[in-house]
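These notes are about the structure you will find just below.
Since the model is a prediction, treat every value here as computed from it, not as a measurement. In the text below, chain A, chain B and the rest are named by the order of the sequence lines, each starting its count at 1.
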Amino acid sequence: MFHLFDTSEGKKTAFRPSDATRIGMYVCGPTVYDAIHIGNARPLVVFDVVYRLLGVLYGAAAVTYVRNITDIDDKIIAAAMRQGIATTQLTEKTIEQFHEDTAALGCLVPTFEPRATEYISSIIAMIERLIAAGNAYITADHVYFRAQSWSDYGKFARRSFDDQMFGARVGIADDKEHPADFVLWKSSSVGLDCDDDAKVPQASMPLWSSPWGEGRPGWHIECSAMSHELLGTDFDLHGGGQDLIFPHHQNEIAQSCCANTGSGFATHWMHNGYVLVDGEKMSKSVGNFVQVADVLGRHGLPVAHRGNLGRVLRLVLLQAHYRQPLNFASAKLATAEKTLKRLWAKVGIVPSSLHGTEGIARAEGASPRATADPMPSWASLDAAFLAALCDDLNTPAALARIHALAADDPAAATRCLAFLGLLPAIDLPSDGDVAIGGGIAQGATSASRSAAEAAESGCIKSRLAEPSFDESGCIKSGDRALQDALQLAAQRDAARRERRFADADALRDQIEVLGFRTEDSGSGQSKLTAID
RNA sequence: GGCGCGAUGGCGGAGAGGUUACGCAGAGGACUGCAAAUCCUUGCACGCCGGUUCGAGUCCGGCUCGCGCCUCCA
């Protein structure tokens with residue numbers, strides 16, 4: 001049984017779905033005005049593992065995973081204005097980029113990925129119910145949720161009205177009845193709520209008509225509306241970053257419980273810890289963020305090569321327990337890359353390269369374990385591995401188990417790696433909408449193909465006996481440095497054969513200048529590896 | 001002011017009242033013409049002060065330092 005630390009209870013509890021054949025899971029997705037950074041990537045990866053785990057425990061078909069896209073927000077409007085484009089143009093572009101990033105990170109595609117703009121009528125209906133019930137009120141420019149109208153307000157986030165420093169960070173709008181009230185709907189007359197110059201209402205603002213005039217929804221209401229539409233009044237698990245506990249999730253709960261009579265909303269809540277930089281929270285406003293695209297090579301690489309760097313970042317994110325703060329540093333990527341390469345080699349997977357350079361690895365003697373079921377069943381997964389994950393998603397312990405397994409049961413280790421989404425994927429589909437699968441089942445097929453292809457492609461052999469370098473067909477004809485290095489490697493092989501070791505060492509130095517490392521194997525075969 | 005989190009070996013990072021976490025780096029060995037890779041072996045630890053206990057990284061109390069949230073945030 002899966003045990004998780006439930007934010008609403010403040011302790012570890014058993015995950016008890018109300019109906020084990022219909023499990024609903026909702027995770028707050030991105031507001032699409034800019035590419036995601038590593039802090040945003042953490043919940044994507046963490047809850048992807050939760051999704052996989054629930055799929056294994058209850059059956060993939062039983063789990064409905066909803067991860068929304070917030071495509072209407074004042075920051076989006078402001079960013080689009082700054083760039084001189086329509087908001088939809090910006091959101092489409094950003095969503096495409098987002099899908100590329102999540103695919104590189106090895107995340108399965110959620111069951112539903114609803115967009116706020118597609119649920120405006122549900123949002124309006126919910127606001128109407130809140131007004132009718134006295135939980136919301138209308139001012140000249142806004143519709144507000146009346147926080148004090150719900151007696152449990154603040155309970156979830158453990159905050160009382162009396163103890164708060166209202167306006168600690170942002171100013172309090174003067175048409176509110178109480179500082180804790182929050183916006184459900186903004187009329188078209190209200191300017192942008194953002195830091196830059198576009199604070200006045202703009203003609204180009206996206207607008208929807210409503211009983212309160214033309215306007216746009218507030219921030220929290222869309223998640224309540226979408227989860228209600230797709231998962232129903234009550235569902236099993238709601239997740240997100242710790243910074244969403246208050247106010248976002250508290251407000252979602254308040255809205256949903258008030259608008260849907262008798263609702264308890266989500267029964268379990270999980271929140272991941274922050275990604276830090278030099279001990280401080282990574283955030284856009286501080287400017288200390290690293291985008292996922294930066295890690296993947298700033299779009300300088302073909303999509304096919306970004307996947308494995310995404311897997312490296314995925315490993316970095318899974319190496320710490322999800323509730324712990326994670327201090328990001330590029331050195332962690334280097335360490336994780338080394339760890340991952342070794343693990344793959346140990347279980348017999350040889351990806352062509354983690355980087356964009358034409359990588360060369362020798363596949364000989366290393367057979368892909370693609371026969372292992374890449375998205376294994378409950379029964380085929382190592383029990384200790386599964387137990388670690390079931391213990392509040394202890395991925396570091398699960399990874400330690402994989403290391404132990406790699407030595408004496410590579411096939412089992414490979415199944416675990418596949419389950420965690422840590423197999424190489426050098427040929428991700430570029431169209432993004434397929435990513436690595438439309439669900440757990442497809443994800444499996446695709447991951448298996450990737451592993452097999454990883455082992456088969458991008459390899460080249462240099463033999464002492466017959467130095468024929470293009471037999472594998474993996475050499476890029478246009479790659480001068482590689483061709484030169486291979487020539488030198490042939491000469492070096494000959495020199496070694498003739499025991500002219502001084503010449504051989506000199507040749508090795510020359511090859512290194514070209515960017516390749518020479519490695520000799522005991523069987524008299526040499527191999528080249530691209531130096532990072 | 002309120003609420004919450006963290007401190008583990010050189011680094012990262014689990015665990016948790018008595019027994020190897022694990023990874024990376026280091027050391028020694030095997031292998032190698034030399035390297036690399038690989039394999040084997042190995043050293044290194046629980047912020048500070050008290051307390052409970054036969055026994056405390058682990059429980060209790062206090063302290064120090066760092067961080068987060070209090071209506072932008074994943």
Query raised in the report: How close or far is atom P of B:A74 from atom CD1 of A:Ile69, stated in whole angstroms?
Result: 13 Å
**Report entry** A:His271 and A:Tyr322 aromatic centres sub-6.0 Å
**Finding:** no
Query raised in the report: Where the side chain of A:Phe501 is concerned, which of B:G33, B:C72, B:A74 is the nearest nucleotide?
Result: B:G33
Query - Distance, rounded to the nearest Å, where A:Phe161 contributes CZ and B:G1 contributes P - result: 23 Å
Query raised in the report: When the P atoms of B:C39 and B:A74 are considered, how many whole Å apart are they?
Result: 41 Å
Query raised in the report: A:Asn135: what forms a side chain to side chain contact (heavy atoms under 4.5 Å, CB included) with it, not counting sequence neighbours?
Result: A:Leu130, A:Ala133, A:Phe145, A:Ser149, A:Cys258
Report task. Kindly assign one of parallel, tilted or perpendicular to the pair A:Tyr137 and A:Tyr144, based on the angle between their ring planes and the thresholds 30° and 60°. Result -> tilted
Report task. For A:Thr335, answer base if it contacts any base atom (sugar-phosphate contacts may also be present), sugar-phosphate if it contacts only those atoms, and nothing otherwise; contact means non-hydrogen atoms under 4.0 Å. Result -> sugar-phosphate
Query raised in the report: Does A:Asp391 come within less than 4.0 Å of A:Lys12, counting only side-chain N to carboxylate O?
Result: yes
**Report entry** No-H, no-angle donor-acceptor pair, A:Arg401 side chain to B:C22 base, under 3.5 Å
**Finding:** no
Report summary line: The salt bridge (charged side-chain N to carboxylate O under 4.0 Å, His left out) partners of A:Asp503 (sequence neighbours excluded) come to A:Arg500
Query raised in the report: When you compare B:A36 with B:A21, how far apart are their C1' atoms, in angstrom units rounded to a whole number?
Result: 30 Å
Requested in this report: Determine, for A:Glu337 against A:Lys341, whether the closest basic-nitrogen to carboxylate-oxygen distance falls under 4.0 angstrom.
Outcome: yes
Query raised in the report: What is the distance from CG of A:Asn40 to C1' of B:C72, rounded to the nearest Å?
Result: 13 Å
Query raised in the report: Considering heavy-atom distances to RNA chain B, does A:Arg159 or A:Arg508 have its closest nucleotide positioned more toward the 5' end?
Result: A:Arg508
Query raised in the report: A:Arg159: what forms a salt bridge (charged side-chain N to carboxylate O under 4.0 Å, His left out) with it, not counting sequence neighbours?
Result: none
**Report entry** With A:His268 via ring-ring contact (aromatic ring centres under 6.0 Å, His included) - residues at least two apart
**Finding:** A:Phe15
Got a list of protein N/O to nucleotides 38-43 of chain B N/O distances below 3.5 Å?
residue, atom, partner, partner atom, Å
B:U38, OP1, A:Arg342, NE, 3.3

Report task. Describe the nucleic acid contact of A:Ala329 in one word from base, sugar-phosphate, nothing, applying a heavy-atom distance below 4.0 Å. Result -> nothing
Report task. Have a look at A:Arg42 and say if it touches a base, only the backbone sugar-phosphate, or nothing, with a 4.0 Å heavy-atom cut-off. Result -> nothing
Query raised in the report: On a whole-Å scale, what distance lies between the C1' atoms belonging to B:U64 and B:G47?
Result: 8 Å
Requested in this report: Take the protein atom CG of A:Leu507 and the nucleotide atom C1' of B:A35, then report the distance between them rounded to whole Å.
Outcome: 15 Å
Requested in this report: Taking only the side-chain heavy atoms of A:Thr339 (C-beta and beyond), determine which of B:C24, B:U71, B:C34 contains the nearest atom.
Outcome: B:C24
Report summary line: Here the distance between atom C1' of B:C3 and atom CG of A:Asp243, to the nearest Å, is 16 Å
Query - Pairing residues for A:Ala485 by the side chain to side chain contact (heavy atoms under 4.5 Å, CB included) criterion, not counting sequence neighbours - result: A:Ile511, A:Leu514, A:Phe516, A:Leu528
**Report entry** Under the salt bridge (charged side-chain N to carboxylate O under 4.0 Å, His left out) test, residues paired with A:Arg42 that sit two or more places apart
**Finding:** none
Report task. Rounded to the nearest angstrom, tell me the gap between atom CG in A:Leu333 and atom C1' in B:G23. Result -> 15 Å
**Report entry** Residue A:Ala400, side-chain heavy atoms: nucleotide from B:G23, B:A21, B:C67 that is nearest
**Finding:** B:A21
Report task. Rounded to the nearest angstrom, tell me the gap between atom CG in A:Leu244 and atom C1' in B:G68. Result -> 14 Å
Query - Nucleotide of B:C69, B:A25, B:G33 approaching A:Tyr274 most closely (side-chain heavy atoms) - result: B:C69
**Report entry** 5' priority, RNA chain B, between A:Asn251 and A:Gln242 [closest heavy atom]
**Finding:** A:Asn251
Requested in this report: For nucleotides B:A30 and B:G13, find the distance between their C1' atoms and express it as a whole number of Å.
Outcome: 30 Å
Query raised in the report: What distance, rounded to whole Å, do you find between the two C1' atoms, one in B:G28 and one in B:C44?
Result: 15 Å
Requested in this report: Give RNA chain B the dot-bracket treatment, 5' to 3': Watson-Crick (N1-N3 with N6-O4 or O6-N4) or G-U (N1-O2, O6-N3) under 3.5 Å, [ ] crossing, | other strand.
Outcome: (((((((..(((.....[...))).(((((.......)))))....(((((..]....))))))))))))....
Requested in this report: Under 4.0 Å between any heavy atoms, over every strand shown, what does A:Val275 touch: base, sugar-phosphate, or nothing? Just pick one.
Outcome: base
Requested in this report: Starting from C1' on B:U71, measure out to CZ on A:Phe156 and report it in whole angstrom.
Outcome: 15 Å
Requested in this report: Just call it for A:Phe5: base, sugar-phosphate, or nothing, with non-hydrogen atoms closer than 4.0 Å on any strand.
Outcome: nothing
Requested in this report: For A:Lys186, check salt bridge (charged side-chain N to carboxylate O under 4.0 Å, His left out) against everything at least two apart and list the hits.
Outcome: A:Asp74
**Report entry** Base-contact (B) and sugar-phosphate-only (S) positions in nucleotides 10-15 of chain B, heavy-atom cut-off under 4.0 Å, - elsewhere
**Finding:** --SSSS
**Report entry** Distance, C1' atom - from B:A27 to B:G68, rounded to whole angstrom
**Finding:** 41 Å
Query raised in the report: Between A:Asp48 and A:Arg52, does at least one N-O distance fall below 4.0 Å, as a salt bridge requires?
Result: yes
Query - Separation between the P atoms of B:G10 and B:C65, rounded to whole Å - result: 24 Å
**Report entry** Between B:C3 and B:U8 - P atom distance, rounded Å
**Finding:** 26 Å
Query raised in the report: When you check the phosphate oxygens OP1 and OP2 of B:A37, does a side-chain N or O of A:Lys341 lie under 4.0 Å from one of them?
Result: no
**Report entry** Sugar-phosphate only, base, or nothing, as touched by A:Gly39 at under 4.0 Å among non-hydrogen atoms
**Finding:** base
Query raised in the report: Considering residues at least two apart in sequence or located in another chain, which fulfil the side chain to side chain contact (heavy atoms under 4.5 Å, CB included) criterion with A:Lys155?
Result: A:Asp152
Query raised in the report: How would you list, by chain and number, every residue that makes a ring-ring contact (aromatic ring centres under 6.0 Å, His included) with A:Phe246, sequence neighbours excluded?
Result: none
Report task. Give one of base, sugar-phosphate or nothing for A:Gly10, where a contact means two heavy atoms less than 4.0 Å apart. Result -> nothing
